[in-house]
Protein chains: 2
Amino acid sequence: MKAYDASAFEKPSVTVDLVIFTVTDGELKALLIKRGQEPFAGKWALPGGFVRMDESLEDAARRELEEETGIDGGMYLEQLYTFGDPKRDPRTRVITVAYFALADPSTVNARVTGHEQITDVKWFPAHSLPPELAFDHRKIIDYAVKRLKNKLEYTAVGFELLPTLFTLTELQRLYEAILREKLDKRNFRKKVEAMGILEKTSRMKKGVHRPARLYRFVRTKPRSTFSRVRFEGVR
Amino acid sequence: MKAYDASAFEKPSVTVDLVIFTVTDGELKALLIKRGQEPFAGKWALPGGFVRMDESLEDAARRELEEETGIDGGMYLEQLYTFGDPKRDPRTRVITVAYFALADPSTVNARVTGHEQITDVKWFPAHSLPPELAFDHRKIIDYAVKRLKNKLEYTAVGFELLPTLFTLTELQRLYEAILREKLDKRNFRKKVEAMGILEKTSRMKKGVHRPARLYRFVRTKPRSTFSRVRFEGVR
DNA sequence: ACAAAAGTGTTCCTAATACACCCATGA
DNA sequence: TCATGGGTGTATTAGGAACACTTTTGT
């Protein structure tokens, strides 16, 4: 019980690990860092780090997020799962609380800052990751991808991956990239408009062909029907 | 990064807390224990305890579960969320990984075993909990209730709360108790039969009126359509 | 024979799917 | 003027919701 003297127990280390997603070139990508130190030196791993004694888990995640991507706060962040296998870190007991984050590619500026132990930072397609990842990070990423796909079907989370203004086709491509399936243009638009979270702007995006209308994402007041709109099977 | 020397950091304590649900008397109930020690002496709290260095989080949860309820393994157990507010424990930094468990009431035998720090154990209706719970346990329970309700709508998790053989009315009452809404008998049966996870047995349950057929829950091979069956709005 | 719970079938309606054509622009 | 992506409407179908009556038993 809680009532036991906490100091009587040997304590595990606690870290947060981040699966930072973005979508570029029609592909879902995750940000990985190359480790410069043992264990798993030279292997790709999730960004993350130790939770400090005076910060909440989410604060820790957001701090690491900023350090790693150069984005200061505001990014979508959600707790994923806590991985606590006693052998997941070969050195000592480390329990990690995994988060996933969604980054609008236009704002992300991945970089190596401060961490001499990181020798490289790179976006990897979520479906062709390096074969050998550090720790149990492959498992964590796979889990995050599953959760993201699922979440996409019943929430408006996808907008986090787009700039403020976007066209419906861009939104559709985003969904297709994450779900890895083609969607029907007409049905997709019907669904997304039914959600009532799109605001038509007066601006148009010029391209080589007919200009496309730009939309903005608006968080509406909680609607009971909102969470029921799903993307499953929009084909 | 992971690469830092783990021992250089002060470590938080890590516990697991359990929201153990059952349904009796047409009500969803959660098992609470009365604390015999500070902090929160005399207050009701979730069962739980420190994670040992050599056991996984789930192992820790299952161990506590058995110690608290006298059920040896096999119970449905799912990781809920990890709560890590630095001030959630007034003494020291304690991060807790919350789990929720589902107990068939016929097998549960709540008791006080071994823990001199526990002065009482009791099932409380999830919707009328003691006003003052220890730590952030009210938040944890509320979250668990939300998750359970949600889970009920797209998985077969409800069967964990019933004995092996049950009638369809018993199953419906269970759903009604958790969702806190009346369901339409005909639609409920259609849905639940469409799930394809019920096996009609030849046995009947005798009562004061027309005997009811007893069913058994069968885990079918993974069916792609399975997860789409929902209970929302079965009214 | 009747009270009470078990059990079942049909209609209505909404939402999901599948599908094809016109529109506006730049080259 | 034509190639290309932008944009829209409709018919069909499946599933969710609403609803009422018959059956079986114990008393």
Side-chain angles (χ1 to χ4, degrees), chain A residues 25-26 152-155 162 165-177 179 181-216 223-235, chain B residues 26 150 152-155 162 165-177 179 181-216 223-235:
Chain A
D25 312 314
L152 210 57
E153 288 175 352
Y154 66 94
T155 58
L162 287 175
L165 296 180
F166 51 87
T167 70
L168 293 183
T169 300
E170 286 167 352
L171 183 60
Q172 184 178 340
R173 296 282 169 269
L174 177 86
Y175 272 78
E176 290 176 339
L179 298 176
E181 64 176 311
K182 265 199 116 32
L183 304 176
D184 179 89
K185 193 186 1 173
R186 292 155 288 192
N187 294 339
F188 179 81
R189 286 169 185 231
K190 253 180 284 176
K191 278 265 182 63
V192 88
E193 285 176 27
M195 283 178 137
I197 47 175
L198 286 186
E199 189 180 272
K200 209 180 247 191
T201 71
S202 59
R203 303 198 47 205
M204 305 294 273
K205 173 164 192 169
K206 296 233 167 151
V208 67
H209 294 299
R210 173 174 175 176
R213 181 164 300 275
L214 287 163
Y215 288 79
R216 182 202 319 279
R223 299 173 34 172
S224 60
T225 71
F226 177 77
S227 65
R228 298 202 185 161
V229 181
R230 292 200 169 73
F231 282 89
E232 307 180 59
V234 178
R235 216 168 310 136
Chain B
N150 200 46
L152 209 57
E153 288 174 351
Y154 65 94
T155 58
L162 287 176
L165 296 181
F166 52 86
T167 70
L168 293 182
T169 300
E170 286 167 352
L171 183 61
Q172 184 178 340
R173 296 283 170 267
L174 177 86
Y175 273 78
E176 290 176 338
L179 298 175
E181 63 176 312
K182 263 202 119 31
L183 304 177
D184 179 87
K185 190 178 16 164
R186 292 156 287 193
N187 293 340
F188 179 80
R189 287 169 184 231
K190 254 181 280 176
K191 277 264 181 65
V192 89
E193 283 176 30
M195 282 178 137
I197 47 175
L198 286 187
E199 190 180 271
K200 210 180 248 197
T201 70
S202 58
R203 304 197 48 205
M204 305 294 273
K205 175 166 191 168
K206 297 233 168 153
V208 65
H209 295 298
R210 176 173 175 175
R213 182 164 300 276
L214 287 163
Y215 288 77
R216 181 200 321 278
R223 300 173 36 170
S224 60
T225 71
F226 178 77
S227 66
R228 297 204 185 161
V229 180
R230 290 199 173 73
F231 280 92
E232 310 182 57
V234 177
R235 216 168 307 137

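A note on names: the letters A, B, ... follow the listed sequences, proteins ahead of strands, and every chain is numbered from 1.
Within the 4.0 angstrom heavy-atom criterion, only backbone atoms of the sugar-phosphate kind lie near B:R213; the bases stay farther away.
One N or O on the side chain of A:E176 and one on the backbone of A:L183 form a donor-acceptor pair closer than 3.5 Å. Counting only distance, with no hydrogens or angles, the side chain of A:E193 and the backbone of A:K190 share no donor-acceptor pair below 3.5 Å. Put simply, the side chain of B:R213 gets close to the backbone of B:T201: a donor and an acceptor are under 3.5 Å apart.
Side-chain to base pairing of B:R210 with C:dA6: one donor and one acceptor N or O lie within less than 3.5 Å of each other. Evaluation of atom-type donor-acceptor distances gives no pair under 3.5 Å for the side chain of B:R186 against the base of D:dA18. Within 3.5 Å, a donor on the side chain of B:K185 pairs with an acceptor on the base of C:dG7, or the reverse.
For A:H209 and B:R173, each mapped to the nucleotide of DNA chain C holding its nearest heavy atom, the one lying further toward the 5' end belongs to B:R173.
In this structure, A:Y215 has its ring center no closer than 6.0 Å to that of A:F166.
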Pairs under 3.5 angstrom, nitrogen or oxygen only, protein versus nucleotides 10-14 of chain C, please.
unit_1 : atom_1 : unit_2 : atom_2 : d
C:dT10 : O4     : B:K190 : NZ     : 2.8

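Within a 6.0 Å sphere centred on CZ of A:R173, heavy atoms belonging to other residues, nucleotides or ligands number more than 12.
The interatomic distance linking B:R189 (CZ) with D:dA17 (C1') rounds to 17 Å, in whole Å. Atom CD of A:E193 is separated from atom P of C:dA15 by 15 Å (rounded to the nearest Å). Atom pair A:L168:CG and D:dT8:C1' shows a separation of 12 Å (rounding to whole Å applied). Between B:F188 atom CZ and D:dA18 atom P the separation is 16 Å, expressed in whole Å.
Not one side-chain nitrogen or oxygen of A:K205 sits closer than 4.0 Å to the OP1 or OP2 atom of D:dG5. For B:T169 and C:dA5, the shortest distance from a side-chain N or O to OP1 or OP2 is not below 4.0 Å.
Distance CG/A:L198 to CG/A:L214: 12.0 Å, rounded to 0.5 Å.
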